[in-house]
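Keep in mind the model is a prediction, meaning the values are calculated, not measured. Per chain, numbering begins at 1; letters A, B, ... match sequence-line order.
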Amino acid sequence: MKYVLDFLLNAIPLGMTFLYGSTGEILTEKAGHLNLGIPGIMCVGAAGGCAMIQALVLAGNVPGVFIVLLGLLASFLAAGLMGLLYSVLTVSFKANQNVTGLTMTIFGAGVMRFIMAGLGQQNHAYLKALPIFRYPFSNLLPGTSWQYMGIMVYLAIIIAVVASLVLTKTKVGLHLRAVGENPATADAVGINVGAYKYGATIIGSGIAGLGGLFYIMNYAGSPEAYKSIETLGWLSVALVIFALWRPHLSIFGSALFGALYLAGSYIPSIPAFQQLGLPMSFTQLLKMLPYVVTVIVLTISSVRNKREDQPPAALGINYYREER
Amino acid sequence: MSKPIALEMKNISKSFGSIQANKNVSLEVYHGEILAILGENGCGKTTLMNMIAGIYFPDEGQVIVDGEEVVIASPKDAFDHKIGMIHQHFKLVDVFTATENIILGVKDAAGYSRAEAEARVKEITERYGFHMDPHKKIYEMSVSEKQTVEIIKVLYRNADILILDEPTAVLTPQETEVLFNVLRRMRDDGKSVIIITHKLHEVLALTDRVAVLRRGEHIGTVQTAEADENMLTEMMVGKKVSLNIARSEPKDPCDRLTVSHISCCDHEGVKLLDDVSFTARSGEILGIAGIAGSGQRELLEAIAGLQHLDSGEITYLNPKTGETVNLRDRTPLQIRELGVRLSFVPEDRLGMGLVGNMDIVDNMMLRSYRKGHSVFVDRKKPRDLAMEIVENLEVVTPGVTTPVRRLSGGNVQKVLVGREIAAAPKVLMVAYPVRGLDINSSYAIYNLLNKQKEAGTAIIFVGEDLDVLIELCDRIMVINSGRITGIVDGRTAVKEEIGLLMTGSIPAATADQGKEEGANG
C-alpha cells in the first residue's frame, strides 16, 4: 500500500509534464496545425524559464512569488516566440507543417542545450528555487514524494479545464474549431482564419513551454533533467491522440501516461518484484507501455470511426484562400 | 411593377484572363419576388451572382442595394447588405450541429448565449415552415437537410436577398416541392429570392420573372406568366452559328461498344446514371450533349472501368478477334488494353491525365512504361512520341523536358489528347477537349478527331457547345440528370430541339436502338 501511494505521488506529477504539452498541442491542432515542434518548444520553454529564475536567484532578495511568476512568464514567452516562428512559417508562408515542426524540435532542443550549458557554468543556480516551486508540500512533508505535488501541478489542471471550457462553451472556441475543421467555411462567414491560427498556436506553444519548466523545477529538480524533455514532448503529442483532442480527457490521460512511463523504472525497484526474479528485458518491455496504449487507443477510435473522435478535418492542411 | 427595387446591377462585366464571363449585364430584382437566372452552363450565371455575394469582384459596373451604390468585396460585406448566397457546394462544418453552423461568425450584440441563438433559429424555422433538428450533426444529415441549414444560416444573418445556386440539383422531386413552398413563403414575406437554374419547368412553376443569360450576356428578362418553354429555350441557346467544321460520312460503321441499361448511384443514393443504353459505332463520332454534371463524367468513367455500376452491361466487340467482351467485369487496365481509351479532360486538367511536375516525355511514359522488358526504362520512344506531338499539334513549349504544369491550359490539353490518340485506340472518349482553347487549337483537335474517325475509331465526344456538336458529330445523344432523353442525327439536328432535350422539357424519347439483350445484368 505504501508503494501504491508513493507511486501515484510520483506518477501524477510526472504526468503533468504531458498535460502541459498536450493541452498546448490540442489548441494548435484545433486550429488545423499539426505542430510537431512541441518537444522543441517545451525545451525552449524550460530553458527560458530556468534562465529567468537563475537570474532572479543570483540577483538575490527577490520574493519567491516573483520568482515563480516571472519564471512562468519567461517560459511562456520563450515558447510563445517559437510558436510565433512556427505560425509565420506555416500560416503566412504556408510551409509544410510536418517539416517545419520537426525543424522546430531539432532547433528547440539545440537552443536548450546551449542555454543550459551556460546556466551550468553558474552551477545551475535556478535549482535553488526548487522549494518555492514545490510549495506547499516541500515545507509540510519535506523529503517525501508529496513534494512533487507543487503549485504547477494544480496550474496544469486549471489550464486544461479552462481550455476545455473555452473550446466547448464559448464562441471563440466554436470559431477556433471551425477554423480547424473547415477554414474555407470559417472564412466565408467572416472569421479571421489567420488570426485564430496565430493565436491558438502561440498560446498553445506557451502552455506547452510551461511543461518543460515544470519538469525541471517541480518534478525532476536535477541539473541533468533537461535531457529528458524532448522524449517527454513526443509523449505529449501521443497523449493528444490518446485524449481524442479533448483537454479534459487529457487530464486523466496524462496521469495514466505518467504512471505507464514511470512503471518501467519504478516497479523493478520494489523489493517484492525483485524477488520474482524476472529477466532484465522485462523491465524494458514495461517502458513500452505508453506507446502501446496509444496504438491501442488509436486503433479502437479508428475502428469505431465516430466523427467526434477524429482529428480536426483540416489538420495538417494549409489554407489557401484563393482555392475557395 | 409596383414593388420597390431591392437590388440593381448596372453594366456589370467580369473577365477571367482572356475569357469574358459577364459582359455589360444590367438586372434588377424587386422586393417580394422570385427571379430566375436562366442559362446554359458556362453562360456566366454563377459568376454574376458570385459578384453580388462577395466571392468575385466585378471589373466594371455598379451594384445598387435599396437605392444606394455599394461595394461588395467579401461575403461579409454581402451579409452586411443583407445579401446571402447558398452555394452548390455547402460550406458547413461536418462535426458541428445545425445550430453551431448557423451561428458561426455572427457577432452577438450582447454576449454569446446559446439559448438565445437556439430560440432565434427556432423562430426562423417555424416562420418559414422548415423541418430541421437544430441539434443534429451535419454529417448525419441528408443533402436536403444540409441545404436547409444553409438557408437558415443566411436568414439568421437577416438576409433580404437570397441567392440559390442550382438548389434543386441535389434534391428529390418531393424535397424540391418542399423547398419551393419555403421559397414562396419567403417571397410573401417580402424577401427577394434569386434562383440560378437551367431547369425550365422549375422556372415556370416557381418564379415571377426570368432573366436569361447567354455567353455572359443578358439576353432579356420576361414575366414568367408570359413565357413558355419554347420561347425560353430559344433565348437560352440562341440562333445557330455556322462553324464550318469538316465532317466526313462514316465508312461502313459497325457496332463497337454497346451500353445497355446501366445505372449507378452516388454515396448519398442519388442516381448519377439511370438506365442508360446506347451504341457507339466504329468510324463515327457520337456526341454527348447535356448540362454539366448530368452524368457525362460517370458515363465515361463507367466505360473505362472507373465507376462502379449497380446494374447494366457494357459490351465491347473486339474488332481483332470478333469476340464480345463485357467490360463490366474487367479492370481499368484490361479495358485500356482492349483499345478503349479515355481522354478525359476534367475540370482540373492535370488531375486525371497528366502529372504536372513531370515533363512531356515522362508523361508519355505513364502510358508505355509497362511495355519495357529491361529493368531500366526506355526513354527513346516516349521522347520521339513527345517530339511528334509537340510538332504535329503545335504545342507551345520550350522543349519536351519542360514540366507539364508550366504549359498553358490549351497546350496541356493537346499533350493529353495527343498521347491518347497515339495509342491507336479502338474507342476514344474525350470530354470537353476544347474547353479553354483558342479557335486554332480547337480546330486542330477537331481535325485529330476526324482523322481518328476515318481510321475507324469509335469516338465518344462530350461537348458543351451545341454548335460544335451539331457540326462535328454524326449522332448526338442528349443526357439529362443521368437519363438519356434522346439521340438525334447530327446532320439534321436543330439546336432548339437539343436544348429542350437537355433541360428535360421533352419526356424521355425512346433510344435509337432497342437493345434488350443483357438487360437483366
Side-chain angles (χ1 to χ4, degrees), chain A residues 26 29-32 96 162 164-197 199-200 243-246 249 301-302 304-317 319-324, chain B residues 16 50 53-57 72-81 83-117 135-141 146 149-150 152-154 156-157 159 347-348:
Chain A
I26 287 171
E29 292 200 11
K30 283 288 180 187
N96 181 297
V162 170
S164 181
L165 289 176
V166 167
L167 281 175
T168 55
K169 302 282 182 215
T170 68
K171 203 132 185 196
V172 171
L174 187 69
H175 289 182
L176 178 62
R177 284 187 291 140
V179 167
E181 290 288 341
N182 193 335
T185 296
D187 198 15
V189 295
I191 296 171
N192 189 338
V193 174
Y196 271 91
K197 282 178 181 281
L244 305 171
W245 290 268
R246 293 186 184 127
L249 291 184
S301 69
S302 300
R304 285 180 66 212
N305 203 15
K306 203 168 161 234
R307 286 296 289 271
E308 285 82 353
D309 294 346
Q310 301 306 312
L315 182 62
I317 305 162
Y319 174 57
Y320 296 87
R321 181 178 230 174
E322 301 83 69
E323 279 175 12
R324 71 179 165 192
Chain B
F16 296 101
N50 273 337
I55 306 286
Y56 298 138
F57 196 75
I72 300 169
S74 72
K76 216 180 147 290
D77 289 353
F79 282 134
D80 290 344
H81 294 110
I83 300 168
M85 181 156 170
I86 292 104
H87 297 270
Q88 252 177 310
H89 300 284
F90 303 136
K91 288 184 186 290
L92 297 169
V93 180
D94 271 355
V95 294
F96 283 10
T97 64
T99 311
E100 283 173 331
N101 266 289
I102 290 164
I103 62 174
L104 202 62
V106 178
K107 297 249 182 317
D108 300 297
Y112 166 54
S113 153
R114 176 63 66 94
E116 240 171 69
H135 301 292
K136 202 169 177 182
K137 296 267 167 84
I138 299 297
Y139 67 82
E140 298 169 330
M141 289 186 167
K146 288 181 194 171
V149 176
E150 283 280 15
I152 297 175
K153 192 166 138 187
V154 167
Y156 189 86
R157 289 160 168 76
E347 299 74 35
D348 172 17

| task | Test side chain to side chain contact (heavy atoms under 4.5 Å, CB included) on Val189(A) and Lys153(B) and set out the steps. | result | CA-CA 10 Å; Val189(A) 295; Lys153(B) 192 166 138 187; 3.6 Å; yes
| Residue part contacting chain B, namely of Leu174(A), when any heavy atom lies under 4.5 Å | both
| said: Quick check: do Val93(B) and Arg177(A) have side-chain heavy atoms less than 4.5 Å from each other? | reply: no
| message | Taking Gly105(B)'s backbone N and O only, do any of them form a donor-acceptor pair with His175(A)'s side chain (distance below 3.5 Å, no angle check)? | response | yes
| Under 3.5 Å, side chain of Lys91(B) to main-chain N/O of Asn182(A), donor-acceptor pair present? | no
| Counting only heavy atoms not in Lys169(A), do more than 12 sit closer than 6.0 Å to its NZ atom? | no
| Out of curiosity, Thr185(A) OG1 to Glu150(B) CD, how far, rounded to the nearest 0.5 Å? | 7.5 Å
| task | Measure the spacing between CD of Glu308(A) and NZ of Lys137(B) and express it to the nearest 0.5 Å. | result | 3.5 Å
| chain A contact via Ile103(B) - side chain, backbone, both or neither, heavy atoms under 4.5 Å | both
| task | Might you point out which heavy atoms bring Ala188(A) and Pro75(B) nearest each other, and give the distance in Å? | result | O-CB, 3.3 Å
| message | Is Ala313(A) close to chain B through its backbone or its side chain, or both, or neither, when contacts mean heavy atoms under 4.5 Å? | response | neither
